Protein chains: 2
Amino acid sequence: MVPARLAELVDMRQRMLAVATRLFAAHGFDGTTLQDVADAVGVSKPAVIHHFASKEALRAAALDALLDHWKQTLPRLLLAATATDDRFDSLIGELLRFFSSEPDRARLVLRELLDRPYEMGRVMGGAVRPWLAAIAAYVERGQERGRHHADADPEAYVLHVLSFAIAAIASRDVLAGALDRGPRGESPEARYERELVRMTRASLFTPAERTRAARPARRKTRRRR
Amino acid sequence: MVPARLAELVDMRQRMLAVATRLFAAHGFDGTTLQDVADAVGVSKPAVIHHFASKEALRAAALDALLDHWKQTLPRLLLAATATDDRFDSLIGELLRFFSSEPDRARLVLRELLDRPYEMGRVMGGAVRPWLAAIAAYVERGQERGRHHADADPEAYVLHVLSFAIAAIASRDVLAGALDRGPRGESPEARYERELVRMTRASLFTPAERTRAARPARRKTRRRR
DNA sequence: CCTCGCGCTTACCATCTGGTAAGGAGCCGC
DNA sequence: GCGGCTCCTTACCAGATGGTAAGCGCGAGG
């Protein structure tokens, strides 16, 4: 095979990671062969092994890259959303936009959750737990001020919101297929996501707070690339 | 291998289905070999092929059995929960108990959702849609009477509740690992499920209705086997 | 100009996979 | 008693899979 000179300039290792992430997300680790990855990248099978010692190493690398990306992005997102009281209610929207922009990553994480519960359990207990606690503390402050429902379990709440975002995005295309188009021509996916946001907000904010938060609407809807 | 006379009396086909469901749920379809199934049942590999023409047929049969079971059980459960206004708020609890009693089935459905989105999309559009509409109509009635939040999207709400129950149970063991034991020695799993129930209720019922529904608590907590 | 090493190739291999062929043990109706 | 049927076995197979061996092209450094 004659190497395409142009494509060779971009980092081959990262191209392989991106392709592997997409294929693992779509067909699962066991449902994806090294040949599939090699073909999709446009190289031979041993070329993949050359960069990642084994298929298992490729999986680990793809998962690491994914978690690294999240660890870099999510905290910034969450801290920004909890920095001022006013912006906290947009947390779900931000989270959903984040995962929505890369559904493959949501699907891959969900698959890892199913395929390797023990290892992912350690990840949960280690990496995400501190962030869970930090946001939960914010929710608790809101409870003390009467802004959040007093009977909520802050940590469990945040955990569910996170899992909702992942699971909802991972299965959005399938589940939204059971919905009709909305009254104003709204797409099923839009209805699906809007109701998810409403549910997470309504289950946290007390009524008075909810109407207050809903009023100053017009916030910038930055499109994430 | 000498056949165990006792075990042979129970229906071999159903034993295979049960084992396949468990293994597919745990390791996925591609992560499970016919040999795995045969070993777990205690027969030879061609014995599995004898009952199910192919591995694919085994998957289809396992999924069919699962969906049949749900189609027989869930409607009864849901109709009972929506028959009288008072009992509707226990719907989530019932749903959760239902899936909780067979987490393997929840996991298998989640995997199918990821592995074969197109086929599952047809299932959603076909089999579950009527039930979705029926329960959504109930939610709408509640909206007209001011019992349910007026800004809720009934169909999307019910869809999310269903997906919450499936996703939450499928990943419960992993996610609950990020939680501590509750104040009164409550297990992380219990906290996890209780908060899920609270969230789904709080996001549907209006405040006045919520307190009213919470009061006559003491309902029978039948244990499902 | 040479050679050294990186990134990739082709050729190959042991193992495993889903599936087939053929036959044997027990049981049923006759 | 016996053919035939059901359920299951052992023996086997072609293809795919993850991974290895060896070598080739080519750019960098001496």
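Treat the numbers as computed from the prediction; the structure is a model and nothing was measured. In what follows, every chain begins at residue 1, and chains take the letters A, B, ... in the order their sequences are listed.
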Once you round it to whole Å, what is the distance between C1' of C:dG18 and CD1 of B:Ile49? 7 Å
Rounded to whole Å, how long is the line connecting atom CD of B:Glu56 with atom C1' of C:dG18? 12 Å
Would you kindly give the CG-to-C1' distance between B:Asp11 and D:dC7, to the nearest whole Å? 12 Å
Ignoring hydrogens and geometry beyond distance, is a side-chain donor-acceptor pair present between B:Arg107 and B:Ser171 at under 3.5 Å? no
Closest to the A:Lys55 side chain: D:dG18, C:dG19, C:dT9? D:dG18
Rounded to the nearest Å, what distance is computed from the CG atom of residue B:Leu58 to the P atom of nucleotide C:dG19? 10 Å
Is a donor-acceptor contact shorter than 3.5 angstrom present between the side chain of B:Lys45 and the base of C:dG19? yes
Pair A:Gln35-A:Asp39, side-chain donor/acceptor within less than 3.5 Å: yes
Expressed as a whole number of angstroms, how long is the span from A:Asp39:CG to C:dT9:P? 11 Å
Of the options C:dT10, C:dG7, D:dC8, whose atoms approach the side-chain atoms of A:His51 most closely? C:dG7
Hey, is A:Arg122 close enough to A:Glu119 for a salt bridge, meaning N to O under 4.0 Å? no
When rounded to whole Å, the CG to P distance for the pair A:Leu34 and C:dT9 reads 14 Å
Within the pair B:Ser44 and D:dC8, is there a side-chain N or O less than 4.0 Å away from OP1 or OP2? no
May I have the distance from A:His50 (atom NE2) to C:dT9 (atom C1'), rounded to whole angstrom? 11 Å
Value in whole Å for how far the C1' atom of C:dC6 lies from CZ of A:Arg13: 15 Å
Nearest to side-chain heavy atoms of A:Pro46, which nucleotide of C:dA21, D:dA21, D:dG18: D:dA21
A quick test of your reading: do over 12 heavy atoms of other residues, nucleotides or ligands sit less than 6.0 Å from CD of A:Gln14? no
